[in-house]
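If you read the sequence from its start, that first residue is 1, and numbering goes on from there.
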Amino acid sequence: MVEIKTESALEAMREAGRVVARALAAVRDAAAVGVSLRELDEAARTVLATAGARSPFLGYRPSFAPTPFPAVICTSVNDAVVHGIPTDYRLRDGDLVSIDCGAELDGWTGDAAISFTVGTPSAADRELVDATRKALDAGIAAARPGNRIGDISHAIDTVAQEAHCGMPADFGGHGIGRRMHEDPPVPNRGRPGRGYPLRPGLALAIEPMLMAGGRDAYRVGADGWTLRTADGSRAAHIEHTVAITEEGPRILTLP
């Protein structure tokens, strides 16, 4: 069932989105050579606790997962695409890091992700992150009344193909609201003019995941959670929670 949100519900989601933005900013500020992924998770936990928010990630266990997720952020490094578990791994110069974070506040949820390099970025990593951000921007621009989910998917895929990047076909965005994952699904590939119609009040998490090697193949890591590129190439993941409105797309996870 797809829930169309009222304006007051979208305002409540905006507050949850602000918490997510603050948590991601705190993680990025904390990320430096020698800092562990667990320390990044602690930085996000502090922001959520200060805001009185809970994490929809912590304890989450979808059907594919062998265990509940043990953290409030996903930390995906280098060839990890998404769902990386924070560990004692300490960041190194040049690591490409993707951080995914959610927050539930007063019964409403926000979800967003960022990708960045620790220390000195390579030209290839900079291009990958830029392409992923461009894909997200294109998807958001297509999130308008009168369009359909397929228009968002096609916009994302067009950018990915122009950048010669692969994307994991089984994973993409989703509806969001009272829960982190709601209908409708938002694939990162699709045909324009197809899929669920975009109506004012619909809230979506739009999240391109680009893999630099150009292949769509991925493998699941030994932890049963982390998705890694099959060819060992780098990956980036950027996400925003977006509301469809009469005035155009409204990003709910900005600071």
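Nearest approach of R61 to P66, heavy atoms of both residues: NH2-O, 2.6 Å. The minimum heavy-atom distance linking V33 with R92 is given by the pair CG2-C, 4.0 Å. Residues P187 and S153 approach most closely at O-OG, 2.6 Å, considering heavy atoms.
Using modelled atom types, one side-chain atom of S233 and one backbone atom of G213 make a donor-acceptor pair closer than 3.5 Å. Side-chain N or O atoms of R144 include one that pairs as donor or acceptor with a backbone N or O of A141 at under 3.5 Å. Listed for the N78 side chain is no donor-acceptor partner under 3.5 Å among the backbone atoms of R234.
At least one side-chain heavy atom of H237 sits under 4.5 Å from a side-chain heavy atom of E207. Within the 4.5 Å cutoff, the side chain of K5 has heavy atoms near those of the W108 side chain. Looking at heavy atoms from C-beta onward, D100 lies out of side-chain contact with I73 at the 4.5 angstrom threshold.
When ring centroids are compared, F171 and H83 come within the 6.0 Å threshold.
Cluster annotation: I251 and I206 are assigned to the same hydrophobic cluster (Ile/Leu/Val/Met/Phe/Trp/Tyr, side-chain heavy-atom contacts under 4.5 Å, transitive). When hydrophobic clusters are built by joining Ile, Leu, Val, Met, Phe, Trp and Tyr residues whose side-chain heavy atoms come closer than 4.5 Å, directly or via intermediates, V77 is grouped together with L24.
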| task | Start with the C-alpha distance between K134 and E127, add both sets of side-chain angles, then the distance that settles salt bridge (Lys or Arg N to Asp or Glu O under 4.0 Å), and finish with yes or no. | result | CA-CA 10 Å; K134 183 180 177 182; E127 289 176 3; over 6 Å; no
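Neither side chain, D231 nor Y218, offers a donor N or O lying under 3.5 Å from an acceptor on the other. Of the N and O atoms on the side chains of H240 and T253, at least one donor lies less than 3.5 Å from an acceptor on the other residue. The closest side-chain donor-acceptor pair between Y196 and D183, if any, does not fall under 3.5 angstrom.
More than 12 non-hydrogen atoms from other residues, nucleotides or ligands lie less than 6.0 angstrom from CG of D29.
Atoms CG and CG, from L58 and L48 in turn, are 9.5 Å apart once rounded to the nearest 0.5 Å.
Test D88, I85, L91 against L37 for side-chain contact (heavy atoms from CB on, under 4.5 Å) and you get one pass: L91. Remark: of the listed residues T46, V47, D41, D41 is the sole one forming a side-chain contact (heavy atoms from CB on, under 4.5 Å) with V72.
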